[in-house]
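Below is one structure; the comments refer to it alone.
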Amino acid sequence: MLETKVNSSLCTFIGSIKLERPTILASGILGISLDVFNRIYHAGAGAVVTKSLSKEPWEGYANPTIFSVKGDGWLNAVGLSNPGAPNFAKMIESNKDVPIIVSLVGSIEDDFEFMIKQFENTKVLAYELNLSCPHVAKVGLEVGDDPELVKKIVKTVKSSTDVPVIAKVGLGTTNYLDTVDAACKAGIDAITAINTLRAMAIDVETKRPILSNKIGGLSGTPIKPIAVRCVYEISSQHKIPIIGCGGISSWDDAIEFILAGASAIQIGSAVGDNWIQVFDEINKGILQYMEKNGFSKIEEMVGLAKKF
Amino acid sequence: MQRNSNHPTICKIEKVVDETPTVRTLTFSDDVLSNVLPGQFAMVWIPGVNELPMSVMVSEEKGKAAFTIRKYGEASTALYNVKVGEPIGIRGPYGNSFRIKEGKLLLVGGGTGLVPLMRLLTGIKPSDDVTLIMGAKTQSEVFFEDYANKLLDHNTHQVIVATEDGSYGQSGLVTDVMDNLCQNTKFDAVYTCGPELMMSKVVKIATLKEMFVQASLERMMKCGVGICGSCCVNDDLVCKDGTIFDGKHLLSKSEFGHTHRNKAGILEAY
């Protein structure tokens, strides 16, 4: 057993959601098999977020869909490929141990209502509404950019389930703080910030965009300072629990997000760089930092940077 | 430009060889891919079409590597049709490699599954006694027979060809040939690559005879680096944990030899 697995100092609360460890597998990463979820949980993740699920199965875009950019970071336009909520719900029906956060993507409130129904008999820790995928039309960021629609969706989802609901926001054409505000007013339980940022790469030899979708989302260390700023801004304006996401690859990155106001953090691209031991490495580093600085609980550190 | 192994590096195809009416080998210069371990693969970008995982084929020329491709779907046909002078993008190398044992070795390959086995042959000792069973549907689809004999020139060896229609070599499946061979012979190691149902049978035969066996798996892949999860087999990721797995490990996986995932990630039966 990993030594950080049962250390109560690492326990954290995202509102009413209790996690044994603050490191969460971000949506879109490795998220299509219960067996893999089990492995990631036992590797140290406090929870796993599924790939964003839609009403119907989606094949996503043709490759190339993921590669790293020169310098650092990853570019992707997978196109939200997923087995569809009904198939997925069946697949995780037998889950007993793993804290699973189900990510959902849709265009209107009815889509979300339909999908949540599929999970009625499944153990779900929380739902995360993907309001920020930057490379698929009519869902994700296009929904997040419409605060009125966000309000309607969050209200519908909140009335369809007792399970906590998180909104994952990103940077689109609307001020993301207006989206956060709309979600909060509609009763959201927590916010995940941020998603990938719209970006592209062009190959100079062939003179063409590399992604088949041409435009995708940038993730990894280059976006970390932007994500830290967003968590800090949300935390400064709202009393809402926040999950920090964007370029976290080491324990000090994780602490930085916690000091900015996050109660937990999500890890995605770093899995591509450092594989799944990254969860345990970050958990260990957080513990050591806490011991060295005299903290006994994660919540003692949340938002400390705001007092300056 | 500094190379980033996770970003496509452009190479121009320098030579195209027709192996059969449906299989071609494309050769290009690349110092990194020319030195990969047996079984490692690259993600190969056909600009404007798609990107595919491809096992890296041996080239006899220093500093060069190759891909051997069968035209099948849209993407593989597009790679098959790349002409001399045209560009492809490569990322990698990715994945683990065969654990090469010494002594009596048995290699069982079907179709383009022979590619990693050819590279494996470049890594064996002169003292090894090697048997290679290669399978094809029909005589015109047999390839790498001469090349395998050439690579094994300094070894005690035999190359057995099996065709499903009996038009060349032994008639039947490679697994039938293997089954017969293993009645009287115990091998120190068995290596296999090809269609999964074939590999599943090879692994079962070898395990029943208590022989060490490794298989190289193929799955739909998007990233090649353990991000997308498309290539999972139960809790294994073929790109990160494989592509090469021990037979014993594979037999403990309910998906091996039974199901694979489609583009949406839904399990489908073989």
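By convention in this document, chain letters (A, B, ...) are assigned in the order of the sequence lines, proteins followed by strands, and residues within each chain are numbered from 1.
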Taking Asn50(B) for the side chain and Asn63(A) for the main chain, is one N or O donor matched with an acceptor at less than 3.5 Å? yes
Check: Lys51(A) side chain, Cys228(B) main-chain N or O, donor-acceptor pair, under 3.5 Å: yes
Mind checking the [atom1]-[atom2] spacing from [X] to [Y]? Nearest 0.5 Å is all I need.
X	Y	atom1	atom2	value
Cys232(B)	Leu34(A)	SG	CG	10.5 Å
Glu255(B)	Asp35(A)	CD	CG	6.5 Å
Asp273(A)	Asn6(B)	CG	CG	7.5 Å
Met220(B)	Ser81(A)	CE	OG	6.5 Å
Phe67(A)	Met43(B)	CZ	CE	12.0 Å
Glu59(A)	Asn262(B)	CD	CG	6.5 Å

On a heavy-atom basis, which atom in [X] and which in [Y] lie closest, and how many Å separate them?
X	Y	result
Thr65(A)	Lys222(B)	OG1-CB, 3.4 Å
Leu237(B)	Arg39(A)	N-NH1, 4.1 Å
Pro83(A)	Ile266(B)	CB-CG1, 3.6 Å

Can you establish whether the number of heavy atoms outside [X] located under 6.0 Å from its atom [atom1] is more than 12?
X	atom1	answer
Glu86(B)	CD	yes
Glu210(B)	CD	no
Tyr270(B)	OH	yes
Gln118(A)	CD	yes
Lys253(B)	NZ	yes
Glu74(B)	CD	no

What part of [X] gets within 4.5 angstrom of chain A, counting heavy atoms only: side chain, backbone, both, or neither?
X	answer
Ser5(B)	neither
Pro87(B)	side chain
Met221(B)	backbone

Quick one: does His42(A)'s side chain get under 4.5 Å of Asp235(B)'s, heavy atoms only? no
Heavy atoms, side chains only, cut-off 4.5 Å: are Trp275(A) and Asp241(B) in contact? yes
Top contributor to chain A contacts, counting heavy-atom pairs under 4.5 Å, from [options]:
options	result
Pro8(B), Gly226(B), Cys223(B)	Gly226(B)
Asn4(B), Asn234(B), Asp236(B)	Asn234(B)
Ala264(B), Gly229(B), Cys231(B)	Ala264(B)

Can you tell me which portion of Asp203(A) sits under 4.5 Å from chain B's heavy atoms? Options are side chain, backbone, both or neither. side chain
Proximity breakdown for Ser33(A) and chain B, heavy-atom pairs closer than 4.5 Å: both
After noting the C-alpha distance and the side-chain angles of Ile227(B) and Leu30(A), does the key distance pass the side-chain contact (heavy atoms from CB on, under 4.5 Å) rule? CA-CA 6 Å; Ile227(B) 290 181; Leu30(A) 296 173; over 6 Å; no
Go through Pro57(A), Ser68(A), Gly268(A) and name the one with the most non-hydrogen pairs under 4.5 angstrom from chain B. Ser68(A)
Between Pro64(A), Ala62(A), Gly84(A), the one whose heavy-atom pairs under 4.5 Å with chain B are most numerous: Pro64(A)
